[in-house]
There are 2 protein chains.
Amino acid sequence: MSCDPFHRHDHAACHDRTLAAVDALCAERGLQFTPTRREVLDLLLRAPKALGAYDILAQLAGDGAKAPPVAYRALDFLVSNGFAHRLEKLNAYVACAHPGDAHLPAFLICRACDRVAEADAPRPLNKAAREQGFTIEGVVMEAVGLCPACADAAE
Amino acid sequence: MSCDPFHRHDHAACHDRTLAAVDALCAERGLQFTPTRREVLDLLLRAPKALGAYDILAQLAGDGAKAPPVAYRALDFLVSNGFAHRLEKLNAYVACAHPGDAHLPAFLICRACDRVAEADAPRPLNKAAREQGFTIEGVVMEAVGLCPACADAAE
DNA sequence: TTGCGGTTGATATGATATAACATTGCGGGT
DNA sequence: ACCCGCAATGTTATATCATATCAACCGCAA
């Protein structure tokens with residue numbers, strides 16, 4: 001079901017399934033899944049790793065050079081609707097592995113191959129926040145390390 | 001013991017205690033706690049919120065204008081020795097609340113007043129990482145929300 | 001003295017992100 | 001058909017964050 005970039009799998013299927021899911025969600029919610037937005041999500045899904053806004057911009061250039069806001073606006077749309085996530089540690093973006101599912105995203109980032117896996121995680125800060133009277137609205141959880149393949153290669 | 005920026009406390013004591021602790025740790029470890037490095041930590045400790053590298057640079061300017069690498073080098077020293085932390089979500093830095101203690105830092109960031117508290121957190125990604133064969137080397141955990149005072153004010 | 005490692009100073013540039021404003025295209029009301 | 005409003009897009013300029021590079025300095029030990 002879920003896409004695990006650290007292991008071999010039929011990624012074309014993940015790509016197609018996710019795009020179809022986002023198509024359906026946008027139709028359902030009355031969101032405009034415009035060509036630029038679709039193309040950006042497509043690029044994120046095809047890339048083996050997280051893409052920076054300017055990487056995306058460069059790949060959109062087939063249609064002629066675009067200015068930075070083009071990429072940032074499409075990314076804002078995708079992120080704010082839960083179709084993509086921003087990685088704060090990398091200043092980069094990945095397609096969401098479970099669009100439509102409510103989830104608290106967490107990420108495993110391989111520092112060697114730059115691949116990123118989206119993981120399920122508990123809500124570890126709830127206790128600390130409660131003790132301090134802090135109201136949590138959003139959480140960033142990103143682990144950096146080595147994926148299985150790169151750890152093997154490093155031995 | 002610990003410094004809680006969301007509540008009234010004698011922060012001058014936190015400031016002095018932390019600087020003294022870092023002095024001692026540097027002596028013990030043979031690290032050069034030079035005037036610039038000390039001044040940057042001092043600024044971080046005095047500030048009510050996280051400071052960007054250029055904020056620090058501007059405040060160092062008493063000694064005459066400095067170039068960006070001056071701030072980044074001092075911050076690298078402080079962060080890599082555990083005397084300060086970088087907040088990925090803000091591209092900014094805070095003094096460590098427990099220098100010398102081994103700890104996995106997590107942060108509560110108030111989006112209204114920009115104050116930041118350092119919290120203790122469990123290691124929520126260990127299970128997910130183990131399942132994927134991923135080796136964790138470092139973790140970013142940052143929660144954004146409202147501190148008690150700002151939540152009260154917002155009602 | 002000489003050389004070495006670590007720190008600092010300074011210039012330039014690279015990388016990421018947003019402000020501000022003009023323009024287009026589309027649906028609804030008249 | 002016309003106008004209007006709204007969302008999306010295009011474009012220029014600029015703000016913000018970060019690093020590469022090389023020169024100068026300083027304490028220290030061979």
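Below, read A as the first sequence line, B as the second, and so on, with proteins coming before strands; counting in each chain starts at 1.
dT16(C) atom P lies 11 Å from atom CG of Leu57(A), rounded to whole Å. The nearest whole Å value for the distance from the OH atom in Tyr93(A) to the P atom in dT16(C) is 10 Å. As rounded to whole Å, 15 Å separates atom C1' of dA15(C) from atom CG of Leu51(A). Atom CZ of Phe33(B) is separated from atom C1' of dT7(C) by 15 Å (rounded to the nearest Å). Nucleotide dT11(D) holds its P atom 9 Å from the NZ atom of Lys66(A), rounded to whole Å.
In terms of phosphate contacts, Tyr72(B) brings no side-chain nitrogen or oxygen within less than 4.0 Å of OP1 or OP2 of dT19(D). Contact annotation: Thr36(B) does not reach the phosphate of dT7(C) (side-chain N/O to OP1 or OP2, under 4.0 Å).
Checking Arg37(B) against Ala67(B), the closest nucleotide of DNA chain C that is more toward the 5' end is the one next to Arg37(B). Comparing Pro69(A) and Gly52(B) by the nucleotide of DNA chain D whose heavy atom lies nearest to each, the residue mapping closer to the 5' end is Pro69(A).
When the shell of 6.0 Å around CZ of Arg29(B) is examined, it contains more than 12 heavy atoms from other residues, nucleotides or ligands.
Within residues 73-92 of chain A, the residues that place at least one heavy atom under 4.0 Å from DNA chain D are, in residue-number order, Arg73(A).
Each of Val79(B), Leu43(B), Leu87(B), Leu51(B) was scored for a side-chain contact (heavy atoms from CB on, under 4.5 Å) with Tyr93(B), with one residue passing: Val79(B).
Interatomic distance, CG of Asp76(A) versus CZ of Arg37(A), reported as 9.5 Å (0.5 Å rounding). Atom CZ in Arg123(A) sits 8.0 Å away from atom CE in Met141(A) (nearest 0.5 Å).
Side-chain atoms of Val40(A) and Phe77(A), non-hydrogen and from C-beta on, never get closer than 4.5 Å to each other.
The aromatic ring of Tyr54(A) sits over the base of dT16(C), with ring centres less than 5.5 Å apart and planes tilted by under 30°.
Tyr72(B) and Tyr54(B) have perpendicular rings, their planes meeting at more than 60° on a 0 to 90° scale where under 30° would count as parallel.
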